[in-house]
Protein chains: 2
Amino acid sequence: MNHIEVCFSPDLIHLHELEGKIVVVVDIFRATSTMVAALANGVKEILPFADLESCRAMESKGFKIAGERNGHTAPGFELGNSPVAFLSGNYSGIRLAMTTTNGTQAIDKSQGAAEILIGAFPNLEATVAFIQAKGKDVLVHCAGWKGRFNLEDSLYAGALVKSLESTHLADEDGALAMKSLFEREGHQLKTYLSQASHAKRLQNHGIDADIDFCLTLDLYDLVVKVNEEGFLVQV
Amino acid sequence: MNHIEVCFSPDLIHLHELEGKIVVVVDIFRATSTMVAALANGVKEILPFADLESCRAMESKGFKIAGERNGHTAPGFELGNSPVAFLSGNYSGIRLAMTTTNGTQAIDKSQGAAEILIGAFPNLEATVAFIQAKGKDVLVHCAGWKGRFNLEDSLYAGALVKSLESTHLADEDGALAMKSLFEREGHQLKTYLSQASHAKRLQNHGIDADIDFCLTLDLYDLVVKVNEEGFLVQV
């Protein structure tokens, strides 16, 4: 058996060993859901940035730019952090530069892993199948909210632990706890997560369609990884 | 309604507001359980130290000294971190200086709260009654294991959230998640926690009696707080 563990915050990732592991970065509301939606709908590759300025500068290099801070599109950016935005319109073949409040920072801090994947509910089963074919230990890296634990990323972690239970032993405390949590609440994701602080934050912004999308399972048979040049691409 | 939230690691406590809140520090295996056991069995007061040297120096000032690192009694210390040690022997009226791997650090980092309580399963209901009489917001500060999430402190957090649900709203993600976890696993604490990494670590040390003690509910009608001089005392 391989092993699976969960880190609840980029501020705690230094306490985990990354070497040799598949790290699955997850920021359900909404960065990693948006990345999966973008690549599933024609975007060729995504370059993640931790800061706004570096991201904005990519516009002059032929990239479309997406920037979000605190749930809103950042000033001067064409796109924000809405997955639903990629479901219509023509994004075929474009290159996207993207920065978000939490998600892109978590990708940045996952350097050193054998492989970095981007996890979201819409591509959960595809990610599970990819991991099981690889046979490596897994670390779920939850982006959280400004360093704090959040419910939606943690529940995704629980869903992944549960889905991998035939191949990956959950013998680490975070993985054990999230497996139990998902077993209890996973049948009613949308209802349960409507209590989550970030869902409330997003509801206040009037983006229910995004929330629905982010909590929909297995829309795409698509695995997203960070390649050697740091681009997010389809495997 | 008041509110309750959970912080899973002393390394994340800076992300939480402490002012005006009752902070309940919890390190189930074993620091806060031992503190409760000591005060319930005659110890007059406990002075917590983050480092071994300052703690050891208290021996010359008439204190008994208790020091633990990585689950073992630290060299040169009379007592380690075993609650069961306080159930026999005569500790009546003694003053205790104590340092542990995780628990005393969490107390140290809780400065700034309106009140700091020491939480453990053996005094859960007494702590609940005290909090409900005060009518303040609550933050559960889990000591974790060297900065990482752990199962036993988190489950205590869940138990406290659940016990306070008539007076304290769990509208923060950590509190919500731990309430669900406790609802699922709280009926079988010992079985469930036997999977936890720190319980395994302690079992390897041959201290099953400590684990049993730490997971026993409501042995004592005792509330433990940090007083203005930094001593742990009965309320």
Side-chain angles (χ1 to χ4, degrees), chain A residues 3 5-17 28-29 102 139-158 161 169-189 191-201, chain B residues 3 5-17 28-29 102 139-158 161 169-189 191-201:
Chain A
H3 296 264
E5 66 193 282
V6 179
C7 175
F8 294 108
S9 163
D11 289 7
L12 300 178
I13 193 69
H14 63 285
L15 302 170
H16 293 259
E17 180 62 61
I28 296 299
F29 294 149
N102 306 290
L139 167 64
V140 190
H141 184 175
C142 298
W145 179 258
K146 297 185 177 179
R148 282 175 65 162
F149 175 95
N150 83 26
L151 205 50
E152 61 277 12
D153 298 348
S154 308
L155 267 169
Y156 174 89
V161 171
L169 194 62
D171 58 354
E172 181 262 350
D173 285 13
L176 277 166
M178 292 308 107
K179 179 163 166 268
S180 291
L181 182 65
F182 184 78
E183 285 169 350
R184 184 175 172 87
E185 310 292 358
H187 66 286
Q188 52 160 353
L189 272 188
T191 308
Y192 185 63
L193 282 171
S194 67
Q195 310 170 78
S197 56
H198 196 46
K200 286 184 189 152
R201 213 176 284 125
Chain B
H3 296 264
E5 65 192 283
V6 178
C7 174
F8 293 108
S9 163
D11 289 7
L12 300 179
I13 194 70
H14 63 285
L15 303 171
H16 293 259
E17 181 62 61
I28 295 299
F29 295 148
N102 305 291
L139 167 64
V140 190
H141 184 176
C142 298
W145 180 257
K146 297 185 177 178
R148 282 175 64 161
F149 174 95
N150 83 27
L151 205 51
E152 61 276 13
D153 298 348
S154 309
L155 267 168
Y156 174 88
V161 173
L169 194 62
D171 58 354
E172 179 261 353
D173 286 12
L176 277 167
M178 293 307 108
K179 179 163 166 269
S180 291
L181 182 65
F182 184 78
E183 285 169 349
R184 183 175 173 88
E185 310 293 357
H187 66 285
Q188 51 159 356
L189 271 189
T191 307
Y192 184 63
L193 282 170
S194 67
Q195 309 169 80
S197 55
H198 197 45
K200 287 185 190 152
R201 213 176 283 125

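Every chain is numbered from 1 and lettered A, B, ... according to where its sequence line falls, protein lines coming before strand lines.
Under the 4.5 Å side-chain criterion, counting only non-hydrogen atoms from C-beta, Asp11(A) is in contact with His14(B). Side-chain contact between Ser180(A) and Tyr192(B) is present, with heavy atoms from C-beta onward closer than 4.5 Å.
Remark: Arg148(B) engages Glu5(A), Leu15(A), His16(A), Glu172(A) in a side-chain contact (heavy atoms from CB on, under 4.5 Å) (not counting sequence neighbours).
Listed by sequence position, Asn150(B), Leu151(B), Glu152(B) are the residues of residues 150-157 of chain B in contact with chain A, using a 4.5 angstrom heavy-atom cutoff.
What you find for Asp173(A) and Ala196(B) is that their closest heavy atoms are OD1-CA, 3.4 Å. Heavy-atom minimum distance, Ser9(A) versus Leu12(B): OG-CD2, 3.9 Å.
Residue contact with chain A, scored on non-hydrogen atoms closer than 4.5 Å, involves the side chain of Phe8(B) exclusively.
Atom CZ of residue Arg184(A) and atom NZ of residue Lys179(B) lie 8.0 Å apart, to the nearest 0.5 angstrom.
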